[in-house]
Amino acid sequence: MSTVRRAALVLAAFTVSAVALTACGPTGDDAAGGAGKPTASPTKPTTPPTSPGKKPSGGSGGPSSDPDHAVFPCSTFDVTFAANLAEPTTSSYLLKITNKAAKACKVLGHPVVTFGDLDGQATERGEAPGIEDAIRLEPGQSAYAGLMGGANDGTGRTVHSIAMTMNTESDLAQTPLTASTPGLYVSPARNSVTAWVNNVEDALSL
């Protein structure tokens, strides 16, 4: 074979090999991670949609931290009631309620006291704390109020029992609780009652 022909065959074989390598190898874009092949972008965390008017839990819309938030006013359904003679000369009585329920309640204002079969009720003596400062009565705990009687001046009547309902600042219908009050003299504008307090001394001195 002539030298010229041999050189031509070698050049042709080299050209074919170079073309094959180019076809099998990666393209410039593929090798460099370019636009020829899409790449995955980082996934961003998504926040669940919030319903209209609903605040995320743990914020201001969560449960109240106020321990009195769910404590309702005491009614006659929650307490027992007793009256004990405190001062014979003035016919004054110590009123006592005790929480008989299984949960706490708030004692509001003054007791509403009526006298036997007489019309009217005891007038309120002194100021009562607001609802935010009302006595929180836990199960088994008691609160007290002082009922002022009066000397027999011939203008009134003696009664032997009283009835009491609680101030609930609502239209809740209550069953009055009764207590025996032997010799309690009731006269116009003289019988008054203090607000509920958490000790005997204050109830009898207000």
*Give, for atom CZ of Phe115 and atom NE2 of His160, the distance between the pair rounded to the nearest 0.5 Å.*
14.0 Å

*Tell me, do Glu87 and Leu85 make a side-chain contact under 4.5 Å, heavy atoms counted?*
no

*Hydrophobic cluster identity match, Val113 and Leu204, side-chain contacts under 4.5 Å*: no

*Report the distance from atom CG of Leu94 to atom CG of Asn84, rounding to the nearest 0.5 Å.*
6.5 Å

*Give the minimum heavy-atom separation between Thr181 and Ala83, together with the two atoms involved.*
CG2-CB, 4.1 Å

*About how many Å separate CG of Leu172 and CZ of Phe72, when rounded to the nearest 0.5 Å?*
11.5 Å

*asked:* Quick check for you: to the nearest 0.5 Å, what is the distance between Cys74 atom SG and Gln174 atom CD?
replied: 10.0 Å

*asked:* Rounded at 0.5 Å granularity, tell me how far CG in Leu95 sits from CG in Leu177.
replied: 11.5 Å

*Which atom names give the shortest non-hydrogen contact between Ser92 and Met148, and what distance separates them?*
OG-SD, 3.2 Å

*asked:* Would you say that Leu118 contacts Val186 through its side chain, given a criterion of any heavy-atom pair below 4.5 Å between the two side chains?
replied: yes

*asked:* Would you say that Arg157 contacts Asp117 through its side chain, given a criterion of any heavy-atom pair below 4.5 Å between the two side chains?
replied: yes

*What about Val71 and Ile135, same hydrophobic cluster or not, with Ile/Leu/Val/Met/Phe/Trp/Tyr joined at side-chain heavy-atom distances under 4.5 Å?*
no

*For the pair Asp78 and Lys103, find out whether any cationic side-chain nitrogen is under 4.0 Å from an anionic carboxylate oxygen.*
no

*More than 12 heavy atoms from other groups under 6.0 Å of CD on Glu138*: yes

*Could you state the interatomic distance from CZ (Arg190) to OG1 (Thr90), rounded to the nearest 0.5 Å?*
11.5 Å

*Heavy-atom pair with the smallest gap, counting every atom of Asn191 and Gly149*: ND2-CA, 3.5 Å

*Please step through side-chain contact (heavy atoms from CB on, under 4.5 Å) for the pair Asn99 and Gln141, ending with a clear verdict.*
CA-CA 6 Å; Asn99 186 355; Gln141 290 184 340; 5.6 Å; no

*Starting from the C-alpha separation in whole Å, work towards a yes-or-no answer on side-chain contact (heavy atoms from CB on, under 4.5 Å) for Val112 and His110.*
CA-CA 6 Å; Val112 180; His110 297 71; over 6 Å; no

*Between Ile97 and Thr80, is any pair of side-chain heavy atoms under 4.5 Å apart?*
no

*Where is the tightest heavy-atom contact between Thr158 and Tyr185, given as atom of each residue plus distance?*
OG1-CD1, 3.5 Å

*Can you name the residues that form a salt bridge (charged side-chain N to carboxylate O under 4.0 Å, His left out) with Asp133, not counting sequence neighbours?*
none

_Evaluate Arg125 against Val193 for side-chain contact (heavy atoms from CB on, under 4.5 Å), listing each step before the verdict._
CA-CA 5 Å; Arg125 184 164 81 251; Val193 65; 5.8 Å; no

*Would you indicate whether the side-chain heavy atoms of Ser91 and Tyr93 approach each other to under 4.5 Å?*
yes

*asked:* Please find the pair of heavy atoms, one from Leu108 and one from Trp196, that lie closest to each other, and give the distance.
replied: O-CD1, 3.8 Å

*Could you go step by step and tell me if Thr175 and Phe77 meet the side-chain contact (heavy atoms from CB on, under 4.5 Å) rule?*
CA-CA 7 Å; Thr175 301; Phe77 301 109; 3.9 Å; yes

*Does a donor on one side chain sit under 3.5 Å from an acceptor on the other, for Thr178 and Ser161?*
no

*asked:* Tell me whether Met166 shares a hydrophobic cluster with Phe81, the cluster being built from Ile, Leu, Val, Met, Phe, Trp, Tyr side chains joined at under 4.5 Å.
replied: yes

*Taking the side chain as C-beta and beyond, is there a heavy-atom pair between Glu169 and Ile131 under 4.5 Å?*
yes

*Where do Leu184 and Ile162 come nearest, in terms of heavy atoms and distance?*
CD2-CG2, 3.6 Å

*Within a strict 4.5 Å, meaning less than it, do heavy atoms of the Asp119 and Thr114 side chains meet?*
no

